[in-house]
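Residue numbers start at 1 and run along the sequence shown.
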Amino acid sequence: MLRLVSYIASLALVAVVLVTGGGTAQADGCYTWNRTLSQGASGEDVRQLQVRLSGYPGYGGVLALDGSFGPATRSALVRFQQAYGLSADGVAGSATYSRLYALQDDDCTPINFSYAELNNCNSTWGGGKVSASTAKFNALVSMWKLQALRHALGDQSIRVTSGFRSISCNSAVGGASDSRHLYGDAVDLGSGPHSLCRLAQQARNHGFNGILGPGYPGHGDHTHVDHRSSRFWSASACGI
């Protein structure tokens, strides 16, 4: 009888740990982290964390997705933790992972954006300037940056008007011959709850090297954001 009572008590303790998030591991449909991560760590789990923190590099910054947990990753994690009211200790543990699990769908996209939303050209992600897998991954990173942008703007919706384009799709809409849309790392945003200028101004904090908006030729009706290799911001009507 005493052994039975002890066994039942141990089961209850396990249940409490699972409910309260007492461990770092928690099964998730997209990706599950199995260890606490802090500065000095490296590996694929760090890179997966960096993808989801890519929208928190700070003003004008871009977070490297290199699988190495350095000072920039720690700073991005602190900003993420502050944004969601978590203990901002720069260490990724159960509380951070629980928040990330709540923010992502089983296909690893953030809950407020989808692959279909960032590709109304085709279903294969092929035909652009990079491989289909690279274009799709670039779009995934864009979505996590947009999720951070959305949260910073009060969790109101952001309207995507264009994302990935194949060469033929890009030609059909009169896009530039080397448009970032051909690489899957560009997104055009339309006005909605927020003005185009508000989107362009806030995007400076969320990892976009390219920001074009009102005042830049051909961008009076949308704000364009992308991941180009060096910074080019131009939206003179918005003070950028």
Q: Check whether Q81 reaches the backbone of D89 with its side chain - one donor and one acceptor, N or O, closer than 3.5 Å.
A: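 Judged by distance alone, yes, a pair lies under 3.5 Å.
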
Q: Start with the C-alpha gap between D45 and L37, add the side-chain angles, then the distance that decides, and say whether side-chain contact (heavy atoms from CB on, under 4.5 Å) holds.
A: CA-CA 8 Å; D45 51 359; L37 296 174; 3.6 Å; yes

Q: Please answer whether the main-chain N or O of G70 pairs with a side-chain N or O of S68 as donor and acceptor at a distance below 3.5 Å.
A: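 Judged by distance alone, no pair lies under 3.5 Å.
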
Q: Any Lys/Arg nitrogen of R165 or D188 sitting under 4.0 Å from an Asp/Glu carboxylate oxygen of the other?
A: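 So R165 pairs with D188 through a salt bridge.
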
Q: On the six-membered ring of W33, is R35 placed so that its NZ or CZ lies under 6.0 angstrom from the centre and within 45° of the ring axis?
A: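 No, R35 does not sit over the ring of W33.
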
Q: When you measure from the side chain of W125 to the backbone of G184, do you find a donor-acceptor pair of N or O atoms at a distance under 3.5 Å?
A: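 The answer is no, because no donor-acceptor pair under 3.5 Å joins these two groups.
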
Q: For S177 and L182, work out which heavy atoms get closest and say how close.
A: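 What the structure gives for the nearest pair is O-CD1, 3.3 Å.
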
Q: Name all residues meeting the salt bridge (charged side-chain N to carboxylate O under 4.0 Å, His left out) criterion together with R47; count only those two or more places apart in sequence or in a different chain, and write none if there are none.
A: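 Partners of R47 under the salt bridge (charged side-chain N to carboxylate O under 4.0 Å, His left out) test: E44.
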
Q: In chain order, what residues pass the side-chain hydrogen bond (donor to acceptor under 3.5 Å, both in side chains) check against R180, with sequence neighbours excluded?
A: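 Counting only residues at least two positions away or on another chain, R180 forms a side-chain hydrogen bond (donor to acceptor under 3.5 Å, both in side chains) with D185.
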
Q: Give me each pair satisfying ring-ring contact (aromatic ring centres under 6.0 Å, His included) with a member in residues 131-157, each pair once, sequence neighbours excluded.
A: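 Residue pairs passing ring-ring contact (aromatic ring centres under 6.0 Å, His included), neighbours aside: Y84-H151.
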
Q: Is the Lys NZ or Arg CZ of K136 less than 6.0 Å from the centre of F164's six-membered ring, within 45° of the axis?
A: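 Judged by the rule, K136 and F164 form no cation-pi pair.
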
Q: Same cluster for L153 and M143 if Ile/Leu/Val/Met/Phe/Trp/Tyr side chains link at under 4.5 Å?
A: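 Yes: a chain of side-chain contacts under 4.5 Å links L153 to M143.
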
Q: Distance-only, no hydrogens or angles: does the R52 side chain make a donor-acceptor pair with backbone N or O of L100 under 3.5 Å?
A: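 Between the backbone of L100 and the side chain of R52 there is no qualifying donor-acceptor contact (under 3.5 Å).
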
Q: Would you say Q50's side chain and G67's backbone share a donor-acceptor pair under 3.5 angstrom?
A: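 Here the side-chain-to-backbone pair exists.
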
Q: Is there a donor-acceptor pair closer than 3.5 Å between any side-chain N or O of T32 and the backbone N or O of D28?
A: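 The answer is yes, because a donor-acceptor pair under 3.5 Å joins these two groups.
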
Q: Taking Y183 as the starting point, is it possible to reach F113 by hopping between hydrophobic residues whose side chains are less than 4.5 Å apart?
A: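 They do not share one cluster, since no chain of ILVMFWY contacts under 4.5 Å joins F113 to Y183.
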
Q: So, S168 and S171: side-chain donor and acceptor under 3.5 Å apart, yes or no?
A: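 No pair is found: no donor N or O on one side chain lies under 3.5 Å from an acceptor on the other.
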
Q: Transitively linked via ILVMFWY side-chain contacts under 4.5 Å: F232 with V187?
A: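 Hydrophobic grouping puts F232 apart from V187.
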
Q: State which residue, out of L77, L53, V141, fulfils the side-chain contact (heavy atoms from CB on, under 4.5 Å) condition with L63.
A: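 Checked L77, L53, V141 against L63; only one passes side-chain contact (heavy atoms from CB on, under 4.5 Å): L53.
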
Q: Using 30° and 60° as the class boundaries, would you call the ring planes of Y216 and H219 parallel, tilted or perpendicular?
A: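 Because their plane-to-plane angle is over 60°, the rings of Y216 and H219 count as perpendicular.
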
Q: Sub-3.5 Å donor-acceptor pair from the side chain of R79 to the main-chain atoms of Y56, do we have one?
A: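 Here the side-chain-to-backbone pair exists.
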
Q: State whether the side chain of K145 and the backbone N or O of G207 hold a donor-acceptor pair below 3.5 Å, judged by distance alone.
A: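 Side chain of K145 to backbone of G207, a donor-acceptor pair under 3.5 Å: yes, one is there.
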
Q: Testing the basics here: between V91 and S38, what is the closest heavy-atom pair and its distance to 0.1 Å?
A: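 That would be CG2-CB, 4.1 Å.
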
Q: I'd like to know if the side chain of N122 and the backbone of G126 have a donor-acceptor N/O pair within less than 3.5 Å.
A: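 At least one qualifying donor-acceptor pair exists.
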
Q: Could you check whether any side-chain N or O of R231 sits under 3.5 Å from a backbone N or O of N209, counting only pairs where one atom can act as donor and the other as acceptor?
A: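 A pair under 3.5 Å: no.
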
Q: If two hydrophobic side chains count as joined below 4.5 Å and joins carry through other members, does L118 share a cluster with V130?
A: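 Looking at the clustering, V130 is in a separate group from L118.
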
